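Numbering of ligands and ligand atoms starts at 1, following listing order. When a residue number appears, it is its place in the shown sequence, counting from 1. Treat the numbers as computed from the prediction; the structure is a model and nothing was measured.
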Amino acid sequence: MKNQQLVLAERPDGIPGPQHFSSVTTDIELTPPEGHIAVKNLYLSIDPAMRGWVSLEQNYLPPVAIGEVMRSITVARVVDSNHPDFAEGDFVYGMFGWQEYCVADASFMVRKLDPELAPVSTALGALGPSGLTAYFALYEKGQIKSGDTVVISTAAGGVGSIAGQIAKLTGCTTIGLTGSDDKVNLCTEEFGYDHAINYKTCGDIEVAIKALAPNGVNVFFDSTSGAIADAVYPCMALHGRAIQVGTAAIDSWIPTPTGPRRDRYILTNRLNVSGFVILDHMGKYPEALTQLASWYTEGKLNYKESVIDGLENAPLALAQLYEGVNLGKQLIRLAD
Ligand SMILES: NC(=O)c1ccc[n+]([C@@H]2O[C@H](COP(=O)([O-])OP(=O)(O)OC[C@H]3O[C@@H](n4cnc5c(N)ncnc54)[C@H](OP(=O)(O)O)[C@@H]3O)[C@@H](O)[C@H]2O)c1
């Protein structure tokens, strides 16, 4: 069997794009050894985390090697199984990479999906890493509670769209920060935000937030760092919690970027600033997925996907994440 793959050809200096990946076709034997499954990828997830994965900068996973298939979580269909928990035809979630087919160890991060519960693509978004990130960052790190004012950056994206809804379902006042008027409307009309700010056109972001949060921001869900975070820290309330979920606004960490000092706000307002990585919460995924699925089936969780067809378009879709082109979770579809 022929297997089209996208491999890392060159390490980007900044934002990754099509010039950094090569398409190769290899032969693959779809006969899994014991404990393994052979799968055909249906959907690939396009994640801001990928910029870190292809970089040599400090990270929580080792860098993808030059010539290696690009790391990616995907939704796939089992074409052959040599593992008792999986059968041909099952839909699965796993780390199967930017390629058509994969033979993988079924005990490593593979989860069977129920196509009756929701479209299987949601396992890459609302009922997968995006939803889990929103859930654990808000509850475990942010300790959100009813009455809190919560500010969320990348508010209309895969993670932000779910984070806004979870905070709202918990009784918080929610303020989303996003990069276009269309996304502002999406935030307030579909993702339940009380307020949304177009950070590109609002003028002084700090002034705009203070007008909406006169008593201060209790929880800051920070997916961008950079100028947006610089504007939010002076708005934080006493004993506020800031969660570093991502750094989408920083093109490169080499050399280390400089900016305004936050230390005085952290000290005087006794802020609790914490870093978040979803992998630390794996043991509790089932509990969170049950809650997310229940909100979804009750119609309380809206989600949106930006879907582009074709494996070859994955690098372009990745680059476009940094232009804010996506509305909701960005996916590549290889097959249904
Ligand atoms: N720590 C974890 O375990 C974990 C897990 C999953 C995701 N994350 C993080 O969560 C964040 C959102 O991820 P996602 O998958 O849901 O992506 P996403 O929000 O769907 O897409 C990325 C968004 O980032 C915004 N953006 C891009 N460049 C920006 C810049 N220079 N300044 C400000 N905003 C910029 C754009 O939205 P606008 O048009 O609104 O600017 C873009 O749509 C990312 O930072 C990601 O790394 C963290």
Side-chain angles (χ1 to χ4, degrees), residues 14-17 44-55 57 59-61 71-73 122 124-126 128-138 140-142 151-166 175-187 191 193 196-202 205 220-232 242-253 257 259 274-282 285 288 303-308 317-332:
I15 293 172
L44 314 178
S45 181
I46 304 295
D47 295 296
M50 289 169 159
R51 178 169 57 179
W53 295 349
V54 297
S55 159
E57 295 162 357
N59 212 334
Y60 54 89
L61 285 176
R71 178 187 297 143
S72 173
I73 54 168
T122 56
L124 298 174
S130 309
L132 291 167
T133 296
Y135 184 96
F136 288 117
L138 285 171
E140 302 249 323
K141 299 285 184 180
V151 167
I152 296 169
S153 53
T154 67
V159 172
S161 60
I162 306 300
Q165 294 177 82
I166 291 176
I175 302 172
L177 293 166
T178 189
S180 75
D181 290 344
D182 283 350
K183 290 186 179 186
V184 163
N185 292 336
L186 203 56
C187 282
F191 302 142
Y193 279 91
I197 296 170
N198 180 341
Y199 66 86
K200 291 181 179 164
T201 59
C202 71
I205 306 171
F220 175 31
F221 190 102
D222 182 2
S223 294
T224 61
S225 185
I228 291 175
D230 295 340
V232 179
I243 317 142
Q244 197 70 58
V245 179
T247 59
I250 306 297
D251 285 353
S252 173
W253 289 94
S274 52
F276 175 85
V277 172
I278 186 61
L279 300 176
D280 294 343
H281 302 268
M282 265 185 186
Y285 282 6
Y303 77 99
K304 197 163 181 64
E305 295 171 341
S306 284
V307 182
I308 299 175
L318 179 56
Q320 287 181 338
L321 273 187
Y322 297 97
E323 294 160 21
V325 172
N326 62 305
L327 300 175
K329 175 69 200 163
Q330 181 67 60
L331 299 175
I332 292 290

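No heavy atom of Tyr60 sits closer than 4.0 Å to any atom of ligand 1. Not a single heavy atom of Gln330 sits less than 4.0 Å from an atom of ligand 1. Ligand 1 has Gly328 within reach: a non-hydrogen atom of the residue lies less than 4.0 Å from it.
With contacts defined as side-chain heavy-atom distances shorter than 4.5 Å, the pair Asp280/Glu140 does not qualify. Looking at Asn326 and Ile46, their side chains never come closer than 4.5 Å, going by heavy atoms from C-beta outward. Between Pro16 and Val54 the shortest side-chain heavy-atom distance falls below 4.5 Å. Side-chain contact between Asp230 and Ile205 is absent, with no heavy atoms from C-beta onward closer than 4.5 Å. No side-chain heavy atom of Leu318 sits less than 4.5 Å from a side-chain heavy atom of Arg51. Side chains of Ser225 and Gln244 form a contact here, defined as non-hydrogen atoms less than 4.5 Å apart. Side-chain contact between Met50 and Leu321 is absent, with no heavy atoms from C-beta onward closer than 4.5 Å. Within the 4.5 Å cutoff, the side chain of Phe276 has heavy atoms near those of the His281 side chain.
Thr133 meets the side-chain hydrogen bond (donor to acceptor under 3.5 Å, both in side chains) test with no other residue; sequence neighbours excluded.
Compare Thr133, Thr224, Ile278 by their heavy atoms: the one nearest to atom 3 (O) of ligand 1 is in Ile278. Nearest-residue assignment for atom 22 (C) of ligand 1 (options Thr247, Asp251, Leu321; heavy-atom criterion): Leu321. Around atom 1 (N) of ligand 1, the closest heavy atom drawn from Phe276, Phe221, Phe136 belongs to Phe276. Here atom 25 (C) of ligand 1 lies nearest to Thr154 when heavy atoms of Thr154, Asn326, Val245, Leu124 are compared.
Protein heavy atom at the shortest distance from atom 32 (N) of ligand 1 is Ala249 CB, 3.4 Å. Taking atom 40 (O) of ligand 1 as the reference point, the nearest protein heavy-atom neighbour is Thr178 OG1, 2.7 Å. Atom 7 (C) of ligand 1 has as its closest protein heavy atom Val159 CG2, 3.7 Å. In terms of protein heavy-atom proximity, atom 47 (O) of ligand 1 is nearest to Pro48 CB, 3.6 Å. For atom 41 (O) of ligand 1, the nearest protein heavy atom (residue, atom name, distance) is Tyr199 OH, 2.5 Å. Of the protein's non-hydrogen atoms, the one nearest atom 19 (O) of ligand 1 is Gly157 CA, 3.4 Å. Nearest non-hydrogen protein atom to atom 39 (O) of ligand 1 is Lys183 NZ, 2.7 Å. Of all protein heavy atoms, the one closest to atom 29 (C) of ligand 1 is Ala248 O, 3.9 Å.
Which parts of ligand 1 touch Gly246 is read off a 4.0 Å heavy-atom cut-off, strictly below it: atoms 45 (O). Atoms of ligand 1 found under 4.0 Å from any heavy atom of Gly324, numbered from 1 in the order shown, are 36 (C), 39 (O), 42 (C), 43 (O). Using a 4.0 Å cut-off to heavy atoms of Val277, the atoms of ligand 1 that qualify are 1 (N), 3 (O).
Residue-to-ligand polar distances keep Leu177 apart from ligand 1: every N/O pair is separated by 3.5 Å or more. At a 3.5 angstrom cut-off on N or O pairs, Ile228 does not count as close to ligand 1. Not one N or O of Ile46 is nearer than 3.5 Å to an N or O of ligand 1, by distance alone.
Although no hydrogens or angles enter the test, the distance criterion places a donor-acceptor pair under 3.5 Å between the side chain of Ser72 and the main chain of Ser45. With Gln320 contributing its side chain and Val325 its backbone, the two residues share no donor-acceptor pair below 3.5 Å. Using modelled atom types, no side-chain atom of Lys304 and backbone atom of Leu186 make a donor-acceptor pair closer than 3.5 Å.
Ion pairing of Asp47 with Lys329 is present here, as a side-chain N (NZ or NE/NH1/NH2) and a carboxylate O approach within less than 4.0 Å.
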